[in-house]
Amino acid sequence: MRALILVDLQNDFVAGGALAVTDGDAVVEVANRLQPLFDLVIATQDWHPSNHQSFAAAHPGRTAGDMIDLHGFPQVLWPPHCVQGTPGAEFVGDLDTQSIRHVVRKGTDPEIDSYSGFFDNGRRKKTELTSLLKAAGADEVWVMGLATDYCVKFTVLDAIEQGFRTVLVADGCRAVNLKPGDGLAAIEEMRRSGVRIVESSDG
Ligand code: VGL
Ligand code: ZN
């Protein structure tokens with residue numbers, strides 16, 4: 001059985017949002033088109049407390065885009081985004097949500113970031129994602145969403161590691177591209193790790 005994982009299709013990652021990904025809105029149509037083709041749809045939601053330590057504002061003298069060491073892990077500093085309960089954290093208005101069976105929230109611990117839908121960045125805590133997929137009998141997961149070079153990449157790498165046949169929907173993703181080429185490098189890294197890369201028309 002195959003499942004679709006929609007990564008962080010939230011207002012803050014599209015036009016007008018705090019951490020807008022270029023052309024991020026374009027993937028919502030892809031998500032809506034793919035959902036009816038899957039037995040199970042799960043969405044992840046970046047869900048930070050307002051004092052999250054990935055926010056540049058939590059580090060006086062630092063600005064968004066800086067890299068720091070956060071409790072032993074390299075951490076990119078971001079503008080405050082996806083703060084719990086704010087409009088920026090809500091799913092994009094045009095996203096069809098009625099087929100989303102589960103929402104997995106991540107990034108709730110202020111002391112550690114969580115790009116992957118499966119684990120925090122330190123791999124200390126696991127979300128419910130693996131058990132939800134296994135309980136439903138999923139053996140193949142298709143992944144799409146925002147952003148290619150962060151949450152999509154780490155979700156894909158962990159899906160492979162958790163034993164799922166993993167497929168990346170290339171046209172369903174857009175990258176932050178903090179550095180030019182980051183999105184392409186992320187796709188290359190996912191490819192080397194064994195993901196199958198398709199277009200949504202292959203769904
Ligand atoms: C993401 C940066 C910070 C993402 C989330 O969804 O890719 N990127 N938080
Ligand atoms: Zn975040």
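Atoms within each ligand, like the ligands themselves, are counted from 1 in listed order.
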For the pair Arg191 and Glu188, find out whether any cationic side-chain nitrogen is under 4.0 Å from an anionic carboxylate oxygen. yes
So does Arg123 pair up with Glu161, basic N to acidic O under 4.0 Å?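 A salt bridge links Arg123 with Glu161.
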On the 0 to 90° scale, with breaks at 30° and 60°, tag the His52-Phe55 ring pair as parallel, tilted or perpendicular.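 It falls in the tilted class, 30° to 60°.
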At what distance is the nearest protein heavy atom to atom 6 (O) of ligand 1, and which residue and atom is it?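 The closest one turns out to be Asp8 OD2, 2.7 Å.
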Of all protein heavy atoms, the one nearest atom 8 (N) of ligand 1 is Tyr150 CB, 3.8 Å
Give a yes or no on whether [X] keeps an N, O or S atom under 2.8 Å from the Zn ion (ligand 2).
X: Asp46; result: yes
X: Cys82; result: no
X: His48; result: yes

Ligand 1 N/O within reach of Cys151 N/O, cut-off under 3.5 Å: yes
With respect to Val152, determine whether any N or O atom, backbone or side chain, lies less than 3.5 Å from an N or O atom of ligand 1. no
Taking side-chain contact (heavy atoms from CB on, under 4.5 Å) as the criterion, tell me which of Asp8, Val76, Asp120 meets it with Tyr115.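 Among the candidates, only Val76 passes.
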Only one of Asp46, Val143, Thr148, Val104 clears side-chain contact (heavy atoms from CB on, under 4.5 Å) with Val7; which? Val143
Look at atom 5 (C) of ligand 1 and find which of Asp46, Asp12, Leu9 reaches it with the closest heavy atom. Asp46
Between CG on residue Leu133 and CZ on residue Phe164, distance to nearest 0.5 Å: 4.5 Å
Would you say His81 touches ligand 1, if touching means a heavy atom closer than 4.0 Å?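 Judged by the 4.0 Å heavy-atom criterion, His81 does count as contacting ligand 1.
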Quick one: does any side-chain atom of Asp158 pair with a main-chain N or O of Gly117 as donor and acceptor, under 3.5 Å? no
Heavy-atom contacts with Leu146 under 4.0 Å: which atoms of ligand 1 show up? List them by number with element.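 Listed by number with element, the hits are 4 (C), 6 (O), 7 (O).
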